[in-house]
Protein chains: 2
Amino acid sequence: MGATKTEFFTNKQNEIALLAKAIGHPARVAIIDYLLKTENCICGDIVNEISLAQPTVSQHLKELKNVGLIKGSIEGNAICYCIDEKVLEKLQNYFLSISKKLLKKKENCC
Amino acid sequence: MGATKTEFFTNKQNEIALLAKAIGHPARVAIIDYLLKTENCICGDIVNEISLAQPTVSQHLKELKNVGLIKGSIEGNAICYCIDEKVLEKLQNYFLSISKKLLKKKENCC
DNA sequence: TTTATTTATTGCAATATTACTATATAAAAA
DNA sequence: TTTTTATATAGTAATATTGCAATAAATAAA
């Protein structure tokens, strides 16, 4: 075997895992960092920012797009990529709910 | 090729990626969920909760432990696993900082 | 001490990911 | 129309992950 057994987990658990997995590579963290700090959302700018070959960056962009964390729009010859806040909110809310649950637990046993 | 080129990214980016990657599997999300909602942090309870073989669960626990998201303490015959709030906070802070940056950006271009 | 219980490790097969070169595609510029 | 520019896809090799059965290790119980 070797494939994840998603059928044993809830939709929510699978969704959070997919989103976290998408962020689970430094190149994709770097892409998100870049999109957050700049107005240049053109694909070529991102490729220049990341020290990996253009097809590799394209592949990472595709993975972020597949889970909805970024969206692309055609801008003439180029493609403009932007963060989709609504999808990022899912992760933000997940970590917020963890914070709340941790506060409720008076003490960790270890 | 095939291995992640961490040398091209910042320590922060690599750290966030490693933490996110650890959460990037539904079994590990389920383990965290379980540890948040129960007082039973004994390894055997976690194994019963997750529909995967004991060695597989043990491996997932190890990965969470490797990045520091959980910590284990010996409890007689058994092992008690707990969430390490300080490490989780790193991810929480990362997503909080993203929220702030998104607010500063008046408009997304796409 | 012997046996049972609990957890970790080993070894393996199946699958997925990472990164690249080469190439395709599609719009813009000449 | 031809060429350039920008991005995506195909194909491939290297590496990593997932999951399990079998087994080891270590403590507890008998």
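Just so we're on the same page: letters track the sequence lines, and every chain starts at 1.
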Open item on the list: By the side chain to side chain donor-acceptor pair (under 3.5 Å) test, which pairs, at least two apart or in different chains, include something from residues 50-62 of chain B?
Closed with: B/R28-B/H60

Task: Protein-nucleotide distance (A/F9, atom CZ; D/dT18, atom C1'), rounded to Å - done: 11 Å

- [ ] Return the value, rounded to whole Å, for the distance between atom CD1 of B/I70 and atom C1' of C/dA8.
- [x] 13 Å

TODO: Group every Ile, Leu, Val, Met, Phe, Trp and Tyr by side-chain heavy-atom contacts under 4.5 Å, then state whether A/Y94 and B/L64 land in the same group.
DONE: yes

Open item on the list: OP1 or OP2 of C/dT6 versus the side-chain N and O atoms of B/Y81: is any pair under 4.0 Å?
Closed with: no

- [ ] Would you classify A/L61 as touching base, sugar-phosphate or nothing, given that sugar-phosphate means primed atoms plus P, OP1 and OP2, and contacts are heavy atoms under 4.0 Å?
- [x] nothing

Open item on the list: On DNA chain D, compare the nucleotides closest to A/K62 and A/F8; which residue's is nearer the 5' end?
Closed with: A/K62

Task: Distance in Å, B/E49 CD paired with B/I31 CD1, rounded so as to fall on 0.5 Å steps - done: 10.0 Å

- [ ] Would you kindly give the CD-to-P distance between B/Q54 and C/dA8, to the nearest whole Å?
- [x] 8 Å

TODO: For B/V47 and for B/K5, locate the closest nucleotide of DNA chain C by heavy-atom distance; then report the residue assigned to the nucleotide nearer the 5' terminus.
DONE: B/V47

If you restrict it to nitrogen or oxygen atoms, what contacts under 3.5 Å exist between nucleotides 25-30 of chain D and the protein, and what is each distance?
{"residue": "D/dT27", "atom": "O2", "partner": "B/N77", "partner atom": "OD1", "Å": "3.1"}

- [ ] Round to the nearest Å and state the distance from A/L52 atom CG to C/dT21 atom P.
- [x] 11 Å

- [ ] Give the rounded distance in Å between these two atoms: CD1 of B/I31 and P of D/dG19.
- [x] 11 Å

- [ ] Classify the nucleic acid contact of A/K21 as base, sugar-phosphate or nothing, counting any heavy atom under 4.0 Å across all strands shown.
- [x] sugar-phosphate

Open item on the list: As a test of reading the structure: which of C/dA19, D/dT7, D/dG19 is closest to the side chain of A/H60, going by heavy atoms?
Closed with: C/dA19

Open item on the list: Can you say whether a donor on the side chain of B/Q59 sits under 3.5 Å from an acceptor on the base of C/dA8, or the other way round?
Closed with: no

Open item on the list: To the nearest 0.5 Å, what is the distance between SG on B/C80 and CD1 on B/I74?
Closed with: 11.5 Å

Open item on the list: When you group the ILVMFWY residues by side-chain heavy-atom contacts below 4.5 Å and let the links chain together, are B/L96 and A/L102 in the same group?
Closed with: no

Task: Pairwise distance CG(B/L35) to CG(B/L61) - rounded to 0.5 angstrom - done: 8.0 Å

Open item on the list: Any side-chain N or O of A/T56 below 4.0 angstrom from OP1/OP2 of C/dT18?
Closed with: no

Open item on the list: Without decimals, in angstroms, what is the distance between B/E63 CD and C/dA8 C1'?
Closed with: 14 Å

Open item on the list: Students often get this wrong, so: under 4.0 angstrom with heavy atoms, is B/T4 touching a base, only sugar-phosphate, or nothing?
Closed with: sugar-phosphate

Task: Rounded interatomic separation in angstrom, taking CD1 from B/I79 and C1' from C/dT5 - done: 13 Å

Task: Salt bridge B/E85-B/K90, side-chain N to carboxylate O under 4.0 Å - done: no

Task: Short side-chain N/O contact from B/S58 to OP1 or OP2 of C/dT7, under 4.0 Å - done: no

Open item on the list: With heavy-atom distances below 4.5 Å as the criterion, would you say the side chains of A/I79 and A/I42 are in contact?
Closed with: no

Open item on the list: Without decimals, in angstroms, what is the distance between A/H25 NE2 and D/dT17 C1'?
Closed with: 14 Å

